[in-house]
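In what follows, a single structure is set out as C-alpha cells and then discussed.
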Amino acid sequence: MNGGMAKMMKQLQKAQAEMSRLQEEVAQKTVESTSGGGAVRVVANGHKNLVSLQIDPEVLTEENREMLEDLIIAAVNEAFQRVDEMVTAEMQKLTGGLDLPPGIL
C-alpha cells in the first residue's frame, strides 16, 4: 500500500471511530415536540425511540379521541424529523461539511 493510500485508510478509520462516538452521543440526546398548542408533548431520543408522552387532561375525552390520535401522530412525526435534523447537523460537524457518499462511514 502506498503512503497516500495508507494515510487515507488511517483517516477513514479515524472517521469511523468518530462516527461511533457520535452515534453514542446522539443516542443520549433528546428532542421535544408539541402539537395542538401544547395539548400533546412528546420527547424522543436520537434512536427515534419515544421516551415521554404527555397529554393535557383537558383533551382526554371520548369526543376528542380522533383529534387526540392525530395530535399524537403529528407530535411524534415532528419529533422524529427533529432527530433526523439533529443527526444531520452532528454529521456535518464530524465530516466538516464534506459531501461523502452514503454508507462511507
Side-chain angles (χ1 to χ4, degrees):
M1 193 177 327
N2 67 30
M5 183 63 110
K7 182 178 178 182
M8 187 172 71
M9 290 302 292
K10 283 184 180 182
Q11 289 175 334
L12 184 56
Q13 288 173 341
K14 181 181 177 186
Q16 287 174 325
E18 286 292 313
M19 180 63 179
S20 293
R21 181 192 57 77
L22 175 66
Q23 288 173 335
E24 290 175 21
E25 282 183 19
V26 166
Q28 301 303 315
K29 293 183 178 184
T30 60
V31 297
E32 179 180 317
S33 176
T34 62
S35 64
V40 174
R41 178 182 167 269
V42 299
V43 177
N45 68 19
H47 284 302
K48 291 187 179 179
N49 293 320
L50 193 61
V51 295
S52 173
L53 168 65
Q54 295 178 343
I55 301 170
D56 185 335
E58 291 183 19
V59 297
L60 290 174
T61 64
E62 184 59 34
E63 305 84 56
N64 290 338
R65 186 177 63 82
E66 285 185 34
M67 177 196 65
L68 182 57
E69 290 169 351
D70 291 341
L71 292 175
I72 292 169
I73 290 169
V76 169
N77 287 336
E78 182 179 328
F80 289 169
Q81 181 179 350
R82 288 182 180 185
V83 168
D84 289 341
E85 292 167 358
M86 176 183 64
V87 169
T88 298
E90 293 296 325
M91 283 295 296
Q92 287 177 342
K93 289 180 195 175
L94 174 67
T95 62
L98 296 175
D99 190 19
L100 298 175
I104 193 76
L105 294 178

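All values below come from the heavy atoms of this structure, side chains included, with hydrogens, waters and symmetry mates left out.
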*Show which residues join I72 in its hydrophobic cluster (side-chain heavy-atom contacts under 4.5 Å, direct or indirect), or state none.*
V40, V42, L50, L53, I55, V59, L60, M67, L68, L71, V76, F80
*Please report the shortest heavy-atom distance between H47 and A27, naming the atom on each side.*
NE2-CB, 3.0 Å
_Residue list, side-chain contact (heavy atoms from CB on, under 4.5 Å) with E18, at least two apart or on another chain_ = R21, L94
_With sequence neighbours excluded, residues passing side-chain contact (heavy atoms from CB on, under 4.5 Å) with T88_ = Q92
*side-chain contact (heavy atoms from CB on, under 4.5 Å) partners of V26, counting only residues at least two apart*: L22, M86, V87, E90
*So, are E25 and K29 salt-bridged, with charged N and O less than 4.0 Å apart?*
no
*asked:* List the residues meeting side chain to side chain donor-acceptor pair (under 3.5 Å) with N64, not counting sequence neighbours, and say none if there are none.
replied: T61
*Please go through V51's hydrophobic cluster and name the other residues, only I, L, V, M, F, W, Y counting, with side-chain heavy atoms under 4.5 Å joining them.*
V43
*asked:* Going by salt bridge (charged side-chain N to carboxylate O under 4.0 Å, His left out), name the pairs with one or both residues in residues 38-47, residues two or more places apart or in two chains.
replied: E32-R41
_Residues which pass salt bridge (Lys or Arg N to Asp or Glu O under 4.0 Å) with D70, listed by chain and number, not counting sequence neighbours_ = none
_Could you report the tightest heavy-atom contact between S33 and A75, atom names first, then the distance?_
OG-O, 3.2 Å
*From Q81 atom CD to E78 atom CD, the distance as rounded to the nearest 0.5 Å*: 7.0 Å
*Non-neighbouring partners of K48 that pass salt bridge (Lys or Arg N to Asp or Glu O under 4.0 Å), sequence neighbours left out*: D84
_Where at least one partner belongs to residues 58-68, residue pairs that pass salt bridge (charged side-chain N to carboxylate O under 4.0 Å, His left out), sequence neighbours excluded_ = E62-R65, R65-E69
